[in-house]
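Everything below concerns the one structure shown next.
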Amino acid sequence: MKPFRYERAEDISGAVATLARERSGEFLAGGTNLVDLMKLDVMKPAVLVDVRLLTSTAIEDLPDGRLRIGAAVTNSELAADQRIRARYPMLSQALLSGASGQLRNLATTGGNLLQRTRCAYFYDTTTPCNKREPGTGCSALEGCNSDHAILGASQYCVATHPSDMAVAMTALDAVVRIQGPGGEREIPVTELHRLPGEDPERDTTLEHAELVTAVDLPPSTFSASSTYRKVRERASYAFALVSVAAALQVADGVVRDARIALGGVAHKPWRAHKAEDAMRGRPAVEESFRAAAEAELAAAAPLRGNAYKAPLAANLVTRTLLDLSERR
Ligand SMILES: Cc1cc2nc3c(=O)[nH]c(=O)nc-3n(C[C@H](O)[C@H](O)[C@H](O)COP(=O)(O)OP(=O)(O)OC[C@H]3O[C@@H](n4cnc5c(N)ncnc54)[C@H](O)[C@@H]3O)c2cc1C
Ligand code: SF4
């Protein structure tokens, strides 16, 4: 492990300013992903700026009905919050499907959003990987790619984004609040993560030293009728092969509205706009749900090892929507 400096600041502005001065540095939250990557020499920051005690640990109701989640709220606290469980059940379920109890007690909202891919080659410093070392190539393209992306990938990287929480936040149209050297800004979570393109070393649209301070969930309209379902190789303590976060609004047997996001299929949580559009105004029956899922997955470009993901995702979306429609 490369030696590094550990820094603490008085406040958020100080933390941002400290990191902005460093060419090679990272914010440290729970450390459950970053420290692992440092031990493996995958990430080699010269400085860690600890923000775990600086960003908010509060989950606050805002006057306009939004719910603000501080960046330091742990995954355990967020999953257990009664407002999350009642108004945004898909988010609580997504969190509880991730990692283990001990990890969730340490992992934070900011760190979970910004955790790095689980592509095995990214972690193995003896192999080429464009995300770890730009220009070296992508070992997964012709290697073991059964866990990899079927949507939105490029010839430079076919990795998937690992966060369950981010998939639910994507379906919920969450907004990420950021403080950086240039001040504060907000972006929809759908614009936080990137597709790999020619520069897969960049996971997100954040600039150096930009700190996630909170995530806002919009007022709950029909998100109370929502769920998260995850398919993985074993029943717990495993990342998603494919997952779906879905909310459904049905009236008189017709789909009025839907929110769907997929995990495990792309370099970012994948908002399924085509499926949502295909369903609105259609009868809330299996045929409509399957047609919508297939509309979304028509663009799937499987690799040698992951052709199973497109039918798996179609079945998962169909089954999940059917279950939601039958709950009413
Ligand atoms: C064995 C194991 C199994 C796991 N299984 C799952 C799973 O099934 N599903 C799942 O979703 N996750 C899973 N995880 C990942 C886990 O959820 C993440 O490691 C955790 O959420 C990261 O949060 P953290 O606070 O520890 O982040 P850290 O490790 O501290 O940071 C992660 C990254 O985010 C950056 N960062 C942290 N906070 C901020 C901030 N406020 N602003 C800007 N940048 C920031 C850091 O610089 C770093 O690059 C698993 C992890 C392990 C070790
Ligand atoms: S898929 Fe991405 S992370 Fe994995 S080896 Fe290829 S470039 Fe690296």
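Nothing fancy with the numbering, it's 1 onward along the sequence. Note that ligands are numbered from 1 as they come in the structure, with each ligand's atoms numbered from 1 the same way.
- Polar contact with ligand 1: present for Asp164 (N/O pair, distance under 3.5 Å).
- Interface atoms of ligand 2 facing Tyr156, defined by a heavy-atom separation under 4.0 Å, are 7 (S).
- Between the side chains of Ser220 and Ser223, at least one donor-acceptor pair of N or O atoms lies under 3.5 Å.
- Among Leu103, Val16, Thr32, the residue whose heavy atom sits closest to atom 20 (C) of ligand 1 is Thr32.
- Comparing heavy-atom distances from atom 5 (N) of ligand 1 across Ala99, Ala72, Ala71 singles out Ala99 as nearest.
- Looking at atom 3 (S) of ligand 2, its nearest protein heavy atom turns out to be Cys129 SG, 3.6 Å.
- The shortest N or O to N or O distance between Gly30 and ligand 1 is below 3.5 Å.
- The option with the heavy atom closest to atom 17 (O) of ligand 1, from among Leu54, Asn112, Thr109, is Asn112.
- Among all non-hydrogen protein atoms, the one lying nearest atom 40 (C) of ligand 1 is Leu211 CD1, 3.6 Å.
- Proximity of Ala166 to ligand 1, defined as any heavy-atom pair under 4.0 Å, is not found for any part of the residue.
- Close contacts of ligand 2 with Ser139, meaning ligand atoms under 4.0 Å from a residue heavy atom, involve 5 (S).
- One side chain, Asn75 or Asn112, offers a donor N or O that lies under 3.5 Å from an acceptor on the other.
- Between Ala29 and ligand 1, at least one N/O pair is under 3.5 Å apart.
- Counting non-hydrogen atoms of other residues, nucleotides and ligands closer than 6.0 Å to CZ of Arg194 gives a total above 12.
- Looking at atom 49 (O) of ligand 1, its nearest protein heavy atom turns out to be Glu26 OE1, 3.5 Å.
- Between Asp147 and Lys309, no side-chain nitrogen of the basic residue sits less than 4.0 Å from a carboxylate oxygen of the acidic one, so the salt-bridge criterion is not met.
- Nearest heavy-atom pair across Pro200 and Tyr156 is CG-O, 3.8 Å.
- Protein heavy atom closest to atom 5 (S) of ligand 2, with residue, atom name and distance, is Tyr121 CB, 3.5 Å.
- Side chain of Lys230 to backbone of Ala238: a donor-acceptor contact under 3.5 angstrom is found.
- Not one N or O of Thr55 is nearer than 3.5 Å to an N or O of ligand 1, by distance alone.
- Other residues, nucleotides and ligands contribute over 12 non-hydrogen atoms within 6.0 Å of the CG atom of Asp61.
- Closest to atom 28 (P) of ligand 1 among all protein heavy atoms lies Gly31 N, 3.4 Å.
- Residue Arg118 places a heavy atom under 4.0 Å from ligand 1.
- In this structure, Pro200 has no heavy atom closer than 4.0 Å to ligand 2.
- Heavy atoms of Val35 found under 4.0 angstrom from ligand 1: none, in either backbone or side chain.
- Scanning all protein heavy atoms for the shortest distance to atom 25 (O) of ligand 1 gives Thr108 OG1, 2.7 Å.
- Classification of Arg319 and Glu286 as a salt-bridged pair fails, no side-chain N sitting under 4.0 Å from a carboxylate O.
- Closest to atom 6 (Fe) of ligand 2, if we only count protein heavy atoms, is Cys138 SG, 2.3 Å.
- Looking at Lys230 against ligand 1, only its side chain comes within 4.0 Å, counting heavy atoms.
- When only modelled atom types and interatomic distance are considered, Thr227 and Gln93 share a side-chain donor-acceptor pair under 3.5 Å.
- In the vicinity of Cys157, heavy-atom distances shorter than 4.0 Å reach the ligand 2 atoms 1 (S), 2 (Fe), 7 (S).
- In summary, the side chains of Thr126 and Asp124 do present a donor paired with an acceptor at a separation below 3.5 Å, with no hydrogens or angles considered.
- Across the listed options Val212, Asn33, Asp36, Val212 owns the non-hydrogen atom lying nearest to atom 42 (N) of ligand 1.
- At a cut-off of 3.5 Å, with distance as the only test, a side-chain donor of Asn105 or Ser76 sits close to an acceptor on the other residue.
- Judged by distance alone, the side chain of Ser288 and the main-chain N or O of Ala284 form no donor-acceptor pair under 3.5 Å.
- In this structure, atom 37 (C) of ligand 1 lies nearest to the protein heavy atom Gly111 CA, 3.5 Å.
- Only the side chain of Asn75 comes within 4.0 Å of ligand 1, judged by heavy-atom distances.
- Atoms of ligand 2 found under 4.0 Å from any heavy atom of Ala159 (numbered from 1 in listed order, with element): 1 (S), 2 (Fe), 3 (S).
- Distances from ligand 1 to the non-hydrogen atoms of Ala94 include no value under 4.0 Å.
- Within 6.0 Å of NZ in Lys39 there are 12 or fewer heavy atoms belonging to other residues, nucleotides or ligands.
- In summary, Cys119 places no N/O/S atom under 2.8 Å from atom 8 (Fe) of ligand 2, failing the contact criterion.
- In this structure, Glu210 is part of the shell of residues with a heavy atom less than 4.0 angstrom from ligand 1.
- Residues His267 and His161 keep their aromatic ring centres 6.0 Å or farther apart.
- Contact annotation: for Ala240 versus ligand 1, there are no heavy atoms closer than 4.0 Å.
- Screening Ile59, Leu62, Val189, Leu91 for a side-chain contact (heavy atoms from CB on, under 4.5 Å) involving Leu217 leaves a single residue, Leu91.
- With hydrogens left out, the protein atom closest to atom 47 (O) of ligand 1 is Phe27 O, 2.5 Å, a heavy atom.
- Nearest to atom 44 (N) of ligand 1 among the protein's heavy atoms is Leu114 CD1, 3.1 Å.
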task: Mind running salt bridge (Lys or Arg N to Asp or Glu O under 4.0 Å) on Glu201 and Arg132 for me, showing each step along the way?
output: CA-CA 6 Å; Glu201 69 278 11; Arg132 182 171 23 80; over 6 Å; no
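- Among all non-hydrogen protein atoms, the one lying nearest atom 13 (C) of ligand 1 is Phe239 CE2, 3.2 Å.
- Where the criterion is an N or O separation shorter than 3.5 Å, residue side chain and backbone included, Leu34 meets it with respect to ligand 1.
- With Pro269 as the partner, the side-chain contact (heavy atoms from CB on, under 4.5 Å) test is satisfied by one option alone out of Thr170, Leu262, Leu192: Thr170.
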